[in-house]
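Note on naming: letters A, B, ... go to the chains in the order of the sequence lines (proteins, then strands), and numbering restarts at 1 for each one.
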Amino acid sequence: MTEQIIKWYNKNKRDLPWRDNKDPYIIWVSEIILQQTQIKTGIPYFKKFIKKFPNIESLANSQEKELLKIWEGLGYYNRALNMLETAKIIVFNLNNIFPNKYQDLLKLKGIGSYTAAAISSICFDQKIGVVDGNVYRVLTRYYNIEDPINQIGTKRKIQEIANKLVTHKKPGLYNQAIMDFGSIQCKKHEPKCDICPLKNKCKSFKANTVKFRPVKSNKKYQKKRYLNYFICCNKKKIIINQRDSSNIWKKLYELPLIETNKEYSTIEALQNDYFKNKKVSKMQLLQKMTHHLSHQKLIISFWLIESQLNEPILKQKMIHISEIQNFPFPKPIQKFLQLFFNK
DNA sequence: CATCCGTGGGA
DNA sequence: TTCCCAAGGAT
């Protein structure tokens, strides 16, 4: 199987900006960006990132805010914060030497089994199998594995299989090959089984279960949240706040927020429930939108307000609207600010 | 271990 | 419209 996938890869490999590169910094950046992110989405972010932070020293010496600005819109913002922490550790505590062993890489923030396998195999020729979404699909089909892949036991089992398949003298080449194979050939929708070089040995192909692999056991429930944002716009200045690390959109900026337990459509009702005792001269609903996160559905209302609503809000910061572009915002707020100020 | 953490694209 | 999920990891 290994050799057939390598052969397939030599004919069908994709040309990617980080490919044919063994610099652990470059590979690390690309792997973190690509976590749960489609390649097409990741490529422009990778280019921006490397241009801004061409080496690990520049990243280690950067500010959280400028890093998040590069990451803005990509999601899973903890990835960026973890990268900064790890860059500092490597540069300042490890004599600027990138760890080259799987087990040592695993100790770093933001590097789990997949990323440790990728870096150690691609950059340092360690024979550890990468197991990402593509590999789960290829292996559960090839071996017709019907155990749910989101269970710990199945994960261990597939990691072991993946490790045994890394027999090639260039483990990193093989690891990238099986991922490309899963992405292009053994893809989720309409896999090209008719021209697949593995179809004679593929157990799911024989059993006609290809489209049912892999099996997942979970169903997730989307919690609803109601966010009310207030734009306190005063002579070309607005108030923004920085979110903390406890919740969604870690360390990103947002407008003054009141989270409610239901949706409000009128000023009177919202005012009555949340600022009955405050004087608000003018308040108006500007925009409503819904925004889906992987586990939450956000119902967002943007209100224009004239009194500044100072008291319940900590860490508040007044900025000129020309400074907006310097701050990283979550996607829906970015959209709103664009709508509001580009009229 | 189950749940949390973003966003965009495809069916 | 709604659901799934993509070069996953932390807690």
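Taking a 6.0 Å sphere around CD of A:Glu259, one finds it holds more than 12 heavy atoms contributed by other residues, nucleotides or ligands. In this structure, A:Asp15 places its CG atom where only 12 or fewer heavy-atom neighbours from other residues, nucleotides or ligands lie under 6.0 Å away.
Residue-to-nucleotide proximity on DNA chain C shows that, of A:Lys297 and A:Glu31, the 5′-proximal contact is made by A:Lys297. Toward the 5' end of DNA chain B, the nearer of the two residues A:Glu190 and A:Pro332, judged by each one's closest nucleotide, is A:Pro332. Along DNA chain C, the nucleotide closest to A:Lys109 and the one closest to A:Arg19 are compared, and the more 5′ of them pairs with A:Arg19.
A side chain to side chain donor-acceptor pair (under 3.5 Å) with A:Gln296 holds for exactly one of A:His291, A:Lys224, A:Arg225, A:Lys223; it is A:Arg225.
Shortest non-hydrogen contact noted between A:Met1 and A:Val138 is CE-CG1, 3.9 Å.
Scanning residues 156-175 of chain A for heavy-atom distances under 4.0 Å to DNA chain B yields an empty list.
Nucleic acid contact class of A:Ile33 (heavy atoms, under 4.0 Å, all strands): none. Across all strands shown, A:Gln296 has heavy atoms under 4.0 Å from sugar-phosphate atoms exclusively, and none from any base. Residue A:Ser30 is classed as having no contact, given no heavy-atom separation below 4.0 Å to the nucleic acid. Note on A:Trp18: a base of the nucleic acid sits closer than 4.0 angstrom, heavy atoms only. As judged by a 4.0 angstrom heavy-atom cut-off over every strand, A:Leu16 is placed among the base-contacting residues. As judged by a 4.0 angstrom heavy-atom cut-off over every strand, A:Arg137 is placed among residues touching the sugar-phosphate backbone only.
Ring geometry for A:Phe340 against A:Phe336 counts as parallel: the plane angle stays under 30°, on a 0 to 90° scale with 60° as the upper cut. A parallel orientation is assigned to the rings of A:Phe230 and A:Trp303, their planes being inclined by less than 30° (bins at 30° and 60°).
Looking at A:Pro191 and A:Arg137, their side chains never come closer than 4.5 Å, going by heavy atoms from C-beta outward.
Between C:dG8 and A:Thr37, no contact under 4.0 Å exists linking OP1 or OP2 to a side-chain N or O. Residue A:Trp249 places at least one side-chain N or O under 4.0 Å from the OP1 or OP2 atom of B:dT7.
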Validation: residues 41-53 of chain A side-chain donor-acceptor distances under 3.5 Å, sequence neighbours left out:
| from | atom 1 | to | atom 2 | distance (Å) |
| --- | --- | --- | --- | --- |
| A:Tyr45 | OH | A:Glu72 | O | 2.9 |
| A:Tyr45 | OH | A:Leu74 | N | 3.4 |
| A:Lys52 | NZ | A:Glu66 | OE1 | 3.4 |

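Taking atom OH on A:Tyr136 and atom P on C:dC4, their separation rounds to 19 Å, with Å as the unit.
Nucleotides C:dT2 and B:dG6 are separated by 23 Å at their P atoms, to the nearest Å. For the C1' atoms, the distance linking B:dT3 with C:dA7 amounts to 22 Å, nearest Å. Nucleotides B:dG8 and C:dG9 are separated by 22 Å at their P atoms, to the nearest Å.
Counting atom types as modelled, A:Tyr76 pairs a side-chain N or O with a base atom of B:dG6 as donor and acceptor under 3.5 Å.
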Close N/O contacts between protein and nucleotides 8-10 of chain B (under 3.5 Å):
| from | atom 1 | to | atom 2 | distance (Å) |
| --- | --- | --- | --- | --- |
| B:dG8 | OP1 | A:Lys331 | NZ | 3.4 |

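A salt bridge between A:Arg14 and A:Asp180 is present, with a side-chain N of the basic residue lying under 4.0 Å from a carboxylate O of the acidic one.
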